[in-house]
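A short worksheet on the structure shown next.
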There are 2 protein chains.
Amino acid sequence: MNEVSNFFKSAFSVDNIIFGFDEGDLKVLLIKRGQAPFKGLWALPGDLVYPNEDLETAANRVLDELTGLENVYLEQVRTFGAVDRHPLGRVITIAYYSLIKIADFSPHASSFAQTVKWHNVSQAQKTKLAFDHNIILNTCFNALKQKVRVRPVGFELLPPKFTLTELQHLYEAILRTKLDKRNFRKKILSMNLLIDRNELQEGVPHRPAKLYQFDKERYQQLEAEGFNFELKESTKKERRKKLAELMDNG
Amino acid sequence: MNEVSNFFKSAFSVDNIIFGFDEGDLKVLLIKRGQAPFKGLWALPGDLVYPNEDLETAANRVLDELTGLENVYLEQVRTFGAVDRHPLGRVITIAYYSLIKIADFSPHASSFAQTVKWHNVSQAQKTKLAFDHNIILNTCFNALKQKVRVRPVGFELLPPKFTLTELQHLYEAILRTKLDKRNFRKKILSMNLLIDRNELQEGVPHRPAKLYQFDKERYQQLEAEGFNFELKESTKKERRKKLAELMDNG
DNA sequence: TGCGCTTAGTGTAAAAAGTACAGAATTGAC
DNA sequence: GTCAATTCTGTACTTTTTACACTAAGCGCA
């Protein structure tokens with residue numbers, strides 16, 4: 001039992017929580033399991049890591065095999081290793097999340113539309129998923145929520161050109177809060193991270209909005225200079241409201 | 001190669017970055033390796049995870065075996081899994097850090113004082129450590145730096161009763177910056193998280209400072225109400241200075 | 001006992017950031 | 001040309017952050 005070789009009987013997998021943003025909602029890509037264990041349940045895409053494969057490579061492979069996308073924003077979140085988490089043996093899993101532009105991949109067009117589907121994150125969180133994937137999804141969603149406040153990663157979920165309203169909706173979906181339009185715009189624009197494309201939205205049945213583009217180079221420069229991207233979670237009014245509710249219930 | 005059993009030939013370990021705070025410096029507990037590989041180099045304490053052991057249990061075991069301490073603040077940071085990171089085979093490692101009150105454990109008193117030692121973190125970062133432990137140490141130090149700004153975990157490193165100056169020095173050591181005394185005190189005290197013990201420091205050759213205690217219960221209550229503990233990184237002057245330096249060099 | 005050394009402890013004014021809030025402008029559809 | 005929908009913009013107020021320097025208290029020693 002203390003023989004070293006006895007330890008080399010475990011495996012590890014990566015699970016990749018693939019986030020997308022569409023129609024004002026944050027989505028997550030799930031696959032329906034076709035075999036036991038957990039046959040018929042929705043699960044996070046993942047795979048065992050090959051013996052000669054780096055973790056990040058494996059996470060990228062999972063993403064690539066499923067969506068055909070490469071060079072995507074990928075972030076390691078946490079490792080889940082409860083002894084009994086996998087029925088087949090000792091398998092720990094390293095959870096990553098990816099942020100993709102949802103237009104770049106739609107399973108509707110593919111042959112496995114039945115088994116691969118974008119799910120609304122809130123709904124997925126309420127659904128029973130395979131393995132410990134509910135916990136993993138929650139953890140990764142919270143990690144994203146945290147990250148988005150502190151680094152401008154939200155843009156990874158938007159098309160290259162977007163309107164300020166779309167950007168605001170994205171933040172509202174991730175932070176699960178309502179933001180003040182004027183203050184949001186003031187804050188975002190004051191960071192000088194957006195390039196005004198001098199183009200307008202097309203095909204909308206109302207006044208079209210201006211299109212902006214994220215200035216990645218400028219961000220990297222500012223970051224090097226110690227600049228801190230930071231957004232608040234919610235309005236003060238909301239915080240007061242939440243607090244008042246808590247007071248009432250407690 | 002695609003046979004599932006081929007995957008069950010890996011192992012995983014935990015490494016535990018044990019932080020302490022003493023004499024105004026942030027310290028990390030390292031052990032000197034007595035055998036190959038990396039014999040003679042300093043390394044982070046760690047061990048292979050037993051087949052029937054949870055990751056967190058393993059991290060606690062490592063800590064307990066080394067220091068005899070239990071119920072210590074422990075936080076998972078990240079998993080390191082480069083293919084060639086371990087000479088003995090495919091071993092990935094899950095990095096944790098612990099925060100301990102340094103007075104509770106001093107290796108000077110123990111029989112392995114030669115091989116277990118508190119190191120100044122800055123110096124350890126400049127020393128060549130075994131395996132990929134330099135990267136792990138850096139990552140964990142940065143995680144702590146991040147955490148301490150956003151959660152009141154610093155108190156885990158201090159004795160139950162401490163002075164405001166000690167607390168400030170702790171933050172300065174972790175954030176690697178100088179803080180303004182009056183503003184720091186104002187901020188900390190305004191959070192109402194410290195209990196004034198109405199006691200004074202003893203045995204100091206100057207005016208003794210008041211002793212305070214962290215009010216953990218109150219913090220947990222405030223946290224539930226949506227309160228956000230948050231501290232700034234540095235003074236604006238310093239940020240300006242840093243920026244000016246960068247401008248000069250670039 | 002008092003002087004010198006060392007660190008503790010304290011307040012304020014100015015600047016910056018955050019917050020609340022409403023109405024006019026633009027476009028497409030009919 | 002009027003309606004519906006959405007974009008876009010500014011200001012007054014509140015709160016937080018910042019910069020900054022002197023007095024108070026205890027110890028040690030002559």
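The stretch residues 188-203 of chain A has no heavy atom under 4.0 angstrom from DNA chain D at all.
Side chains of A:Asn60 and A:Glu70: a donor-acceptor N/O pair is absent below 3.5 angstrom, by distance only.
Note: CG (B:Leu167) to C1' (C:dA8) measures 15 Å, nearest angstrom. Atom CG of A:Asp180 and atom P of D:dT11 are 16 Å apart (whole Å). Atom CZ in A:Phe184 sits about 18 Å away from atom C1' in C:dA20, given to the nearest Å. Between the P atom of D:dT7 and the CD atom of A:Gln168 lies a distance of 9 Å, rounded to the nearest Å.
A:Lys186 comes within 4.0 angstrom of a base, heavy atoms only. Among the heavy atoms of the strands lying under 4.0 Å from B:Lys181 is at least one base atom, whether or not backbone atoms are also near. Among the heavy atoms of the strands, none lies under 4.0 Å from A:Thr163.
Of the two residues near DNA chain C, A:Glu230 and B:Arg185, the one whose nearest nucleotide lies more 5' is B:Arg185.
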Quick one: which protein N/O atoms are closer than 3.5 Å to N/O atoms of nucleotides 28-30 of chain D? Pair and distance per line, please.
none

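Checking C:dG18, C:dT7, D:dT6 against every side-chain atom of B:His206, the shortest atom distance belongs to C:dT7. Distance from the side chain of B:Arg182 is smallest to C:dT10 among C:dT10, C:dG18, D:dG10.
Partner of B:Tyr219 under the side-chain hydrogen bond (donor to acceptor under 3.5 Å, both in side chains) criterion, chosen from B:Glu223, B:Lys216, B:Glu217: B:Glu223.
Contacts of B:Asp104 classified as side chain to side chain contact (heavy atoms under 4.5 Å, CB included), with partners at least two apart in sequence or in another chain: B:Leu69, B:Lys101. Scanning for salt bridge (charged side-chain N to carboxylate O under 4.0 Å, His left out) contacts around B:Arg197 gives B:Glu199, with sequence neighbours left out.
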Checklist entry - How is the base pairing of DNA chain C summarised as a dot-bracket string, given the Watson-Crick and G-U wobble criteria with both distances under 3.5 Å, [ ] for crossing and | for another strand? => result ||||||||||||||||||||||||||||||
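For C:dG9, the base has no donor-acceptor partner in the side chain of B:Lys210 [N/O atoms by modelled type, under 3.5 angstrom]. Evaluation of atom-type donor-acceptor distances gives a pair under 3.5 Å for the side chain of A:Arg207 against the base of D:dT7.
Below 30°, between 30° and 60°, or above 60°: for B:Phe214 and B:Phe155 the angle between ring planes is below 30°, a parallel geometry.
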Next on the checklist: Let's go through A:Leu194 and A:Asp196 carefully: what are the C-alpha distance in whole Å and the side-chain angles of both, what is the deciding distance for side-chain contact (heavy atoms from CB on, under 4.5 Å) to 0.1 Å, and is it a yes or a no?
Outcome noted: CA-CA 6 Å; A:Leu194 297 186; A:Asp196 182 346; over 6 Å; no
Contacts table for residues 17-28 of chain A: side-chain donor-acceptor under 3.5 angstrom, sequence neighbours left out:
residue, atom, partner, partner atom, Å
A:Asp25, OD2, A:Asn120, ND2, 3.3

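Within 6.0 Å of CD1 on B:Ile135 lie no more than 12 heavy atoms contributed by other residues, nucleotides or ligands.
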